[in-house]
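Here's the structure we're looking at; comments come further down.
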Amino acid sequence: MKKMTITEFAETLGVIPDTVRRWERDGKIQPERTRGGHRRYSEKDIENVMESSKYTTNRRAIAYCRVSSEERTAELGKQIEAMEFFALGRGLSVEIISEVGNGLDMTRPKFVSLLSDIVSGEVSTVIVAHKDRLARFGFELIEIMAKRHNCEVVVAGSEKHSPRYELVNDFKAMVSSFSMHVEDLHEHEYGVVQELEAS
């Protein structure tokens, strides 16, 4: 079988390349190297990853904390502190992942990396203050995916305490992003028209 590049290998397992690199650092896999130093993976590497994930005893507990804008970073600190206290009450030692980003944006880098680690079997528990810290919409889908990979998603607070201001901020960010794309498109079209008129 043709050897896989790191991108192909990551896509096969449903993770991101950074996760594959971490597996290598942890000794789960040892890919071959080309003369140019590029990694190459085989089906045996897939088997090694699956086996190590299946029997691993050091799965991580994660507390994911998020606010929608830089203006709310002070609130992010309080959220982190609250999640650490909540985890302590459950007897968990957690790794904190904090992010500033739009809750409607499903491509937030740390969020995507967290999902990748869940799918790879590295995460036992994810704690969030409210459902919308993970995502404004689709929380139930994320929860189902996590359960299928033996990961529990724990919501520390009740929905009624989730600030409406965050939702407004997320929608504003989405509208602003859309507006910027429209402006870029108009500028491009104007430039094309100018070139045509000049020719």
Practice problem: Mind checking the CD1-CZ spacing from I118 to R148? Nearest 0.5 Å is all I need. | Solution: 14.0 Å
Exercise. To the nearest 0.5 angstrom, please state how far the CD1 atom of I62 sits from the CG atom of L92.
Key: 11.0 Å
Quiz item: Which heavy atom in M106 sits nearest to a heavy atom in A135, and how many Å separate them?
Solution: SD-CB, 3.8 Å
Quiz prompt | For E70 against V100, the heavy-atom pair lying closest together | solution = N-CG1, 3.7 Å
Quiz prompt | From CD1 (I6) to OH (Y41), nearest 0.5 Å | solution = 4.0 Å
Practice problem: Answer yes when K131 and E140 have at least one side-chain N-carboxylate O distance shorter than 4.0 Å, and no when they do not. | Solution: yes
Self-check item: Check: V112 and I16 side chains under 4.5 Å, non-hydrogen atoms
Solution: yes
Self-check item: Modelled atom types, side-chain donor and acceptor of W23 and E122, under 3.5 Å
Solution: yes
Quiz item: Counting N and O atoms only, with roles assigned by atom type, does the side chain of T73 sit under 3.5 Å from a partner on the main chain of L76, one being a donor and the other an acceptor?
Solution: no
Self-check item: Euclidean distance, L134 CG relative to L141 CG, rounded to 0.5 Å
Solution: 11.5 Å
Quiz item: Is the shortest side-chain N to carboxylate O distance from D45 to K28 below 4.0 Å?
Solution: no
Quiz item: For V126 and E152, what are the C-alpha separation, side-chain angles and deciding distance, and is it a side-chain contact (heavy atoms from CB on, under 4.5 Å)?
Solution: CA-CA 6 Å; V126 174; E152 179 187 16; over 6 Å; no
Practice problem: List the atom of S42, the atom of F9, and the distance in Å for their closest heavy-atom pair. | Solution: O-CE1, 4.2 Å
Quiz item: So, are D105 and R108 salt-bridged, with charged N and O less than 4.0 Å apart?
Solution: no
Quiz item: Can you find a heavy atom in the side chain of I46 that is under 4.5 Å from one in the side chain of M4?
Solution: yes
Self-check item: Gap between atom CZ of F137 and atom CG of D132 - 0.5 Å precision
Solution: 10.0 Å
Self-check item: R72 with E75: basic N within carboxylate O range, under 4.0 Å
Solution: yes
Practice problem: Let me see the working for E24 and R33 under salt bridge (Lys or Arg N to Asp or Glu O under 4.0 Å), right down to the final yes or no. | Solution: CA-CA 12 Å; E24 183 179 347; R33 295 276 183 165; 3.3 Å; yes
Self-check item: Side chain to side chain, F139 and V155, heavy atoms closer than 4.5 Å
Solution: yes
Quiz item: Applying side-chain hydrogen bond (donor to acceptor under 3.5 Å, both in side chains), which residue pairs with at least one partner in residues 86-101 are found, sequence neighbours left out?
Solution: R60-E95, Y64-E99
Quiz item: Do E32 and K3 come within less than 4.5 Å of each other through their side chains, counting heavy atoms only?
Solution: yes
Quiz item: Are a donor atom and an acceptor atom from the side chains of S120 and T19 found within less than 3.5 Å of each other?
Solution: no
Practice problem: Give the C-alpha distance, both sets of side-chain angles, the deciding distance and a yes or no for side-chain contact (heavy atoms from CB on, under 4.5 Å) between V153 and I127. | Solution: CA-CA 6 Å; V153 179; I127 299 175; over 6 Å; no
Exercise. Assess whether side-chain contact (heavy atoms from CB on, under 4.5 Å) is satisfied between R59 and N150, documenting all intermediate values.
Key: CA-CA 10 Å; R59 299 172 75 221; N150 199 25; 3.5 Å; yes
Exercise. Report yes if some heavy atom in the side chain of L115 is under 4.5 Å from a heavy atom in the side chain of M145; otherwise report no.
Key: yes
Self-check item: Steps toward side-chain contact (heavy atoms from CB on, under 4.5 Å) verdict (V67, Q79)
Solution: CA-CA 9 Å; V67 291; Q79 190 181 142; 3.9 Å; yes
Self-check item: Interatomic distance, R39 atom CZ to E8 atom CD [nearest 0.5 angstrom]
Solution: 14.5 Å
Quiz item: Closest heavy-atom contact between M83 and A129?
Solution: SD-N, 3.5 Å
Quiz item: Between K78 and E81, does at least one N-O distance fall below 4.0 Å, as a salt bridge requires?
Solution: no
